[in-house]
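A quick write-up on the structure given underneath.
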Amino acid sequence: MNVTMKKIGKKYEGRDEFTLKDINLEIENKDFCVILGPSGCGKTTLLRMIAGLNSITEGDLLFDGKRMNKVAPKDRDIAMVFQSYALYPHMTVYDNMAFSLSMRKERKQLIDERVREAAKVLQIEDNLYVKPSDISGGQRQRVALGRAMVRNPKGFLMDEPLSNLDAKLREHMRVELVRLHKQLGTTTIYVTHDQTEAMTMASKIVLMDDGKIQQVGKPEDFYNRPENIFVAGFIGSPTMNIIKGSIQEGKFVSDNKLMTVTPHKEHQESLREFEGKKVSAGVRSERFEAGGKYGDTIDVDIEVVEMLGKEKILYCRMDDGHQLTISTPGHYDYDDGQRHSFGFDLEAMHYFDQETGERIN
């Protein structure tokens, strides 16, 4: 199922401003599209508009070219999986999964085939005749998925379905959902505020903020080529280091004068028109290297070392108090209180127009 949004907007009654404005998006058949963003950015509102649970104030929503603005939720041939699972506690797992088909008066044999097929795929065959309270959170989430699967919908809508699970189970279920999507090949639209879920699961990410789309693309696009400062700061853990400065005689000079960078030759042309203007430079934490390997260097004091096994995260401070986060291999010998000189990979630096926040290079 292809989902197309043309100039979609949402304005609630009694409010002056639009919650969502000018949403243009194309989700292709079989996409696993993750709508990502901070709390309050409008991502769940957009999902509910696709489901038909929220009305559309302006613009057009199309499924396979057919306008869906006024089509009732039950007639959209999509299934929704909620954060809370929304299972009936008094029913068995089997009856929960069969409920929607029973309400449609489907044949009992068809219902049984669909439920058992979904249970086999989700590996919950042994739990069909117990109540939801008797199984784990991960198994309850699979039941919620199974209830959606038995309908054989054209699309799945998922609203933060893993947020109630513990960290280890979330990791396991991420893999399971990707495997399930590949097996079923059904268009899936998935809402989350967790960038790890987005980066590991999505074939396409839609990053939103303040009711607007900030960037659309593949996960690697967001990490390697963020389109603006918001994207650069939101994607990545640790987040990208952003340093304010200006272009002076072709070089980036930080506001504190402690950092001078000769831009990589591939970036010099695009920065030329910003001579004398305010520019922010972005550097990922793993793009630093001790010593002078990259030429230009900066001196920092290490305040905190976070040991994560395969890597160490160094929380550092420049002489003017500006903080930097640097990632190094876990076996490197760094300690709190040390002072070190670090260089940075010029080819991997990002430059942003301070006035607009948009990417330059």
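Quick caveat, the model's predicted, so the values are computed rather than measured. What you see below is based on every heavy atom in this structure, not just the backbone, and it leaves out hydrogens, waters and symmetry mates.
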How far apart are the C-alpha atoms of Asp319 and Arg339, what are their side-chain angles, what is the distance that settles it, and do they pass the salt bridge (Lys or Arg N to Asp or Glu O under 4.0 Å) test? CA-CA 11 Å; Asp319 288 343; Arg339 186 173 177 85; 3.1 Å; yes

With side chains defined as the heavy atoms from C-beta onward, is the minimum distance between [X] and [Y] less than 4.5 Å?
X      : Y      : value
Phe344 : Glu289 : no
Lys10  : Glu58  : no
Phe342 : Leu314 : yes

Does the plane of the ring in Tyr190 sit parallel, tilted or perpendicular to the ring in Phe32? Use 30° and 60° as the thresholds.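 Judged by the thresholds at 30° and 60°, the geometry between Tyr190 and Phe32 is tilted.
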
Check each of Lys70, Arg67, Lys6 against Asp60 using the salt bridge (Lys or Arg N to Asp or Glu O under 4.0 Å) test, and report the only one that passes.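 Exactly one option meets the salt bridge (Lys or Arg N to Asp or Glu O under 4.0 Å) with Asp60, and it is Arg67.
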
Going by an N to O cut-off under 4.0 Å, is there a salt bridge joining Glu176 and Arg179?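 Yes, charged N to carboxylate O under 4.0 Å.
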
Is atom OH of Tyr88 surrounded by more than 12 heavy atoms (other residues, nucleotides or ligands) closer than 6.0 Å?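 Not more than 12 within 6.0 Å, no.
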
Spatial distance of atom OG1 (Thr328) from atom CD (Glu286) [nearest 0.5 Å]: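 Between Thr328 OG1 and Glu286 CD, I get 11.5 Å after rounding to 0.5 Å.
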
Atom pair CZ/OG of Arg284 and Ser327 - distance to nearest 0.5 Å: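 OG of Ser327 is found 12.0 Å from CZ of Arg284.
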
Tell me, please, which residues at least two apart from Lys7 pass salt bridge (Lys or Arg N to Asp or Glu O under 4.0 Å).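 With neighbours one apart ignored, the set is Asp22.
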
For the pair Asp255 and Lys278, evaluate salt bridge (Lys or Arg N to Asp or Glu O under 4.0 Å) and give the outcome as yes or no after the intermediate values. CA-CA 9 Å; Asp255 286 344; Lys278 293 289 186 180; 3.6 Å; yes

